[in-house]
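This report concerns only the one structure given below.
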Amino acid sequence: MPELPEVETMVRGIRSEVTGRQIIRTEICRCSRKPIRIHPSRRSFVRNTTQTCITGVERLAKRVILQLSTGHFIVIEPRMTGLILLSDPPTNEHRRICWHLDPRRGRSPWIQFWDRRGLGTVSLLDANELDQVRDRLGTDALQLNTDQLAATLRQTSTSIKVCLLDQKRIAGIGNLYASEILHRARISPFLPANSLSRPQVRALCSAVRSVMQEAVLSEGSTLGDGTYRNALNQDGSYQNQHRVYQRAGEECPRCRQIIERSVQAQRSTFYCPRCQR
DNA sequence: ATTAATGTTCAGAA
DNA sequence: TTTCTGAACATTAA
């Protein structure tokens with residue numbers, strides 16, 4: 001499931017391939033039962049992306065942004081199972097959008113959005129609308145510093161795990177990495193956010209950044225269900241470094257206590273009850 | 001065959 | 001104001 005590291009990997013995987021290329025045709029695939037959700041409308045989306053040049057590719061939290069020469073931005077939200085691919089998709093079944101690019105020798109003729117579950121969304125926004133999206137997001141997890149994190153945590157007494165998932169507080173962390181981050185920082189997922197000591201906030205900030213950086217270097221996590229893959233349809237490798245996620249019943253690699261699974265805000269939390277306090 | 005589980009975001013309710 | 005719940009979906013495992 002694409003969180004910050006997976007989305008960053010998508011961006012890095014397509015940036016050099018598509019920057020400076022022209023979209024010669026935007027194809028909205030209609031092979032699925034439910035058509036993909038497009039903002040503002042599919043007609044204007046197709047009209048305003050065709051025959052425009054892609055001038056850059058950026059990441060905004062868990063979104064991929066394609067900058068266009070018109071000053072507009074294609075904003076792609078992969079959500080659960082969305083992939084951005086230069087290669088053939090895992091199946092032909094769930095292709096959602098194909099952007100056909102001007103042909104260049106040795107380069108991919110297109111970029112596509114493939115989404116098995118179909119929860120992903122695609123939008124065409126102007127600079128103003130993109131700013132509004134940005135305003136609703138907290139500090140990017142890779143840019144976090146201790147003082148900022150302390151100020152954020154002070155504002156709420158919800159559990160630290162749920163707080164880490166709140167995109168308007170900190171942007172980019174999802175369910176998988178929240179568990180891994182808290183384990184690295186040795187902090188219980190159930191502590192109220194505003195109860196953390198200064199040393200705990202320091203450890204947490206360090207864990208947020210180091211887990212995210214390492215996961216980016218490993219090109220994200222590809223789980224057993226194989227939902228996430230990079231732009232060339234290859235697996236990431238950070239799943240080999242998971243300490244607690246989906247490891248309930250196994251020994252904690254740090255203290256050998258049995259890892260437990262709990263549910264917070266309707267999502268699984270994995271943690272070690274001994275070394276996370 | 002049915003059902004639970006999977007996780008991100010947003011609208012709407014509490 | 002803040003926090004919580006359910007819906008948007010498809011697929012797999014039990």
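In this text the structure is predicted, and so the values were computed from the model without any measurement. For the numbers below, each heavy atom of this structure counts, side chains included, while hydrogens, waters and symmetry mates do not. Below, chain A is the first sequence line, B the second, and so on; all start at residue 1.
- Using a 30° and 60° split on the angle between ring planes, A:Tyr177 and A:His242 fall in the perpendicular class, above 60°.
- To the nearest angstrom, P of C:dA10 lies 9 Å from CG of A:Asp115.
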Do nucleotides 3-9 of chain C as a string where each nucleotide becomes B, S or -: B if the base has a protein heavy atom under 4.0 Å, S if just the sugar-phosphate does, - if no protein is that close.
SSS--BB
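- The separation of B:dA1 from C:dC9, taken at their P atoms, amounts to 24 Å, rounded to a whole angstrom.
- Here the closest non-hydrogen pair linking A:Gly56 and A:Thr19 is CA-OG1, 4.1 Å.
- Per the geometry, CG belonging to A:Leu60 stands 11 Å off P belonging to B:dT9, to the nearest Å.
- Side-chain atoms of A:Arg95 and A:Gln112 form a donor-acceptor pair, as typed in the model, at a separation below 3.5 Å.
- B:dT9 atom C1' lies 7 Å from atom CD of A:Glu77, rounded to whole Å.
- Contacts of A:Ser268 with the nucleic acid, taken as non-hydrogen atoms under 4.0 Å apart, involve only primed sugar atoms and P, OP1 or OP2.
- Although no hydrogens or angles enter the test, the distance criterion places no donor-acceptor pair under 3.5 Å between the side chain of A:Gln241 and the main chain of A:Ser218.
- In this structure, CD of A:Gln264 is placed 17 Å from C1' of B:dA5, rounded to the nearest angstrom.
- The pair A:Arg37-A:Glu77 does not count as a salt bridge, with every side-chain nitrogen at least 4.0 angstrom from each carboxylate oxygen.
- There is a side-chain donor-acceptor pair under 3.5 Å between A:Tyr271 and A:Glu260.
- By the neighbour-count criterion of 12 heavy atoms within 6.0 Å, atom CZ of A:Arg277 is sparsely surrounded, having that number or fewer from other residues, nucleotides or ligands.
- Between A:Phe270 atom CZ and B:dT6 atom P the separation is 7 Å, expressed in whole Å.
- Using cut-offs of 30° and 60° for the angle between ring planes, the A:Phe45 and A:Trp99 rings count as tilted.
- In summary, the side chains of A:Glu27 and A:His100 do present a donor paired with an acceptor at a separation below 3.5 Å, with no hydrogens or angles considered.
- Taking a pair as Watson-Crick or G-U wobble with both distances under 3.5 Å, the runs of three or more consecutive pairs in DNA chain B are B:2-6 with C:10-14, B:8-14 with C:2-8.
- Nucleotide B:dT9 holds its P atom 11 Å from the CG atom of A:Asn175, rounded to whole Å.
- Closest contact between the side chain of A:Arg261 and the listed nucleotides C:dA10, B:dC10, B:dT6 involves B:dT6.
- Rounded to whole angstrom, the span from the CD1 atom of A:Ile170 across to the P atom of B:dT9 amounts to 14 Å.
- Between A:Leu83 atom CG and C:dT11 atom P there is a gap of 13 Å when expressed in whole angstrom units.
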